[in-house]
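Everything on this sheet refers to the single structure shown next.
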Amino acid sequence: MFESCGGCCLLLIVIPLLCCIAFGGVAYYVYTYAPDEPVSDSFEPSNQQANEFQVMLDTAVNNARSSGWFWMGFDEEQISSWMALEGKDFADEHGHVFPFSKMQVGLDDGEMTFYGELDTGVLMFPLEVVIEPTVSYDGQLDLNITGVDVGGLKAPEFVTSMISDQFEELLITPLEDLPGNPVFYRETLSVDDGRFEVQGVVN
């Protein structure tokens, strides 16, 4: 059989086999050096906590609209539950792609640590993106990406953009859509011990 085909049939067998070996090697490498879940490896999203997070956001926007003052405060279980249960639908509504599962958001040491498994259609890659929220001198809340970990591999820029866009649409855009300009108070910003808090006004 193989003598009459000039090696073509053999290539049809060998190439997929080599691809499987390559994917297997990448998967082994990625999961060997995979980042740890920032909240807990046993975390289960809660509908109640996701709802508490949404109520907090809605209340902040309503207060900003009615009185010009707002407060945001949530813990990592609340935002992790919301991201896991509502994140994909929210991204779709705002024209973004968000191909992640098993999402968590840690809040500690001045950083927001996003964790999720990226679905490439072939393999699931554990991904960690570290975001440092800061307030500029003119009162703007900036979400700066300071670290990316995909099991030791380099993540494409569009992947990190999907995550930064999600957090900006979630935490900043609803206030920017109000009449006036939101101003965050730098001295009230805190991201520590599993909790995020910030206050501000809309001028």
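Numbering of residues begins at 1 and proceeds along the displayed sequence.
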Once side-chain hydrogen bond (donor to acceptor under 3.5 Å, both in side chains) is applied, do any residues pair with Ser67, and if so which ones, sequence neighbours excluded?
none
Please tell me if the side chains of Met162 and Pro99 come closer than 4.5 Å, counting only heavy atoms from C-beta onward.
yes
Shortest non-hydrogen pair, Pro133 vs Gly110, comes out as CD-O, 3.5 Å
Quick one: does Val201's side chain get under 4.5 Å of Asn203's, heavy atoms only?
yes
Nearest 0.5 Å, what's the CG-CG distance between Leu118 and Leu127?
6.5 Å
Stepwise side-chain contact (heavy atoms from CB on, under 4.5 Å) test for Met83 and Leu170:
CA-CA 10 Å; Met83 199 66 74; Leu170 183 62; 4.2 Å; yes
Can you list everything that forms a side chain to side chain contact (heavy atoms under 4.5 Å, CB included) with Gln78? Sequence neighbours excluded, please.
Gln49, Glu52, Phe53, Phe74, Asp75
Could I get the full list of side-chain hydrogen bond (donor to acceptor under 3.5 Å, both in side chains) partners for Asp89, not counting sequence neighbours?
none
For Met112 versus Leu171, what's the shortest heavy-atom pair and its separation?
CE-CD1, 4.2 Å
Would a hydrophobic clustering, with Ile, Leu, Val, Met, Phe, Trp and Tyr connected at side-chain separations under 4.5 Å, put Val97 with Phe167?
yes
Group every Ile, Leu, Val, Met, Phe, Trp and Tyr by side-chain heavy-atom contacts under 4.5 Å, then state whether Ile172 and Leu107 land in the same group.
yes
Group every Ile, Leu, Val, Met, Phe, Trp and Tyr by side-chain heavy-atom contacts under 4.5 Å, then state whether Met56 and Phe196 land in the same group.
yes
Qualifying residues under side-chain hydrogen bond (donor to acceptor under 3.5 Å, both in side chains), relative to Arg186, sequence neighbours excluded
none
With sequence neighbours left out, write down each residue that passes salt bridge (charged side-chain N to carboxylate O under 4.0 Å, His left out) with Glu197, or none if nothing qualifies.
Arg195
Any chance you could measure Thr173, atom OG1, to Leu178, atom CG, to the nearest 0.5 Å?
11.0 Å
Evaluation steps, side-chain contact (heavy atoms from CB on, under 4.5 Å), between Asp142 and Val135:
CA-CA 6 Å; Asp142 298 318; Val135 176; over 6 Å; no
Minimum heavy-atom distance Thr113-Pro38, with the two atoms named
O-CG, 3.5 Å
Determine yes or no for a side-chain-to-main-chain donor-acceptor pair under 3.5 angstrom, with Gln166 supplying the side chain and Gly87 the backbone.
yes
Determine yes or no for a side-chain-to-main-chain donor-acceptor pair under 3.5 angstrom, with Asn51 supplying the side chain and Asn47 the backbone.
no
Gln48 side, atom CD; Ser81 side, atom OG - distance, nearest 0.5 Å
9.5 Å
Side chain to side chain, Asn181 and Val202, heavy atoms closer than 4.5 Å:
no
Give a yes or no on whether Val39 and Ile79 share a hydrophobic cluster (residues Ile, Leu, Val, Met, Phe, Trp, Tyr; joining criterion: side-chain heavy atoms under 4.5 Å apart).
no
Hey, what do you get for CZ (Phe184) to CG (Asp138), rounding to the nearest 0.5 Å?
11.5 Å
Locate the shortest heavy-atom distance separating Glu37 from Tyr115; write the atom from each residue and the value.
CG-CE2, 3.7 Å
Take Lys102 and Phe43, measure what side-chain contact (heavy atoms from CB on, under 4.5 Å) needs, and give me the verdict at the end.
CA-CA 9 Å; Lys102 299 183 179 179; Phe43 171 76; over 6 Å; no
Ile131 side, atom CD1; Ser164 side, atom OG - distance, nearest 0.5 Å:
7.0 Å
Side chain of Ser80, backbone of Gln104: donor and acceptor closer than 3.5 Å?
no
Please test Glu169 against His96 for side-chain contact (heavy atoms from CB on, under 4.5 Å), starting from the C-alpha separation and ending with a verdict.
CA-CA 10 Å; Glu169 291 280 3; His96 302 305; 3.4 Å; yes
Verify, without hydrogens or angle tests, whether Glu111 (side chain) and Val130 (backbone) share a donor-acceptor contact under 3.5 angstrom.
no
Rounded to the nearest 0.5 Å, how far does NZ of Lys88 lie from CG of Asp92?
9.0 Å
Could you give me the CA-CA distance, side-chain angles and deciding distance for Phe70 and Tyr185, then say whether ring-ring contact (aromatic ring centres under 6.0 Å, His included) is met?
CA-CA 10 Å; Phe70 63 86; Tyr185 294 151; 8.0 Å; no
So, Asp108 side chain and Asp193 main chain: donor-acceptor pair closer than 3.5 Å or not?
yes
Closest approach of Ala60 and Leu175, non-hydrogen atoms and distance?
O-CD2, 4.4 Å
ILVMFWY network linking Leu141 to Val183, side-chain heavy atoms under 4.5 angstrom:
yes
So, Phe114 versus Phe100, ring centres under 6.0 angstrom or not?
yes
side-chain hydrogen bond (donor to acceptor under 3.5 Å, both in side chains) against Asp192, all qualifying residues, sequence neighbours excluded:
none
Here the pair of heavy atoms bringing Glu76 nearest to Val105 is CB-O, 3.1 Å
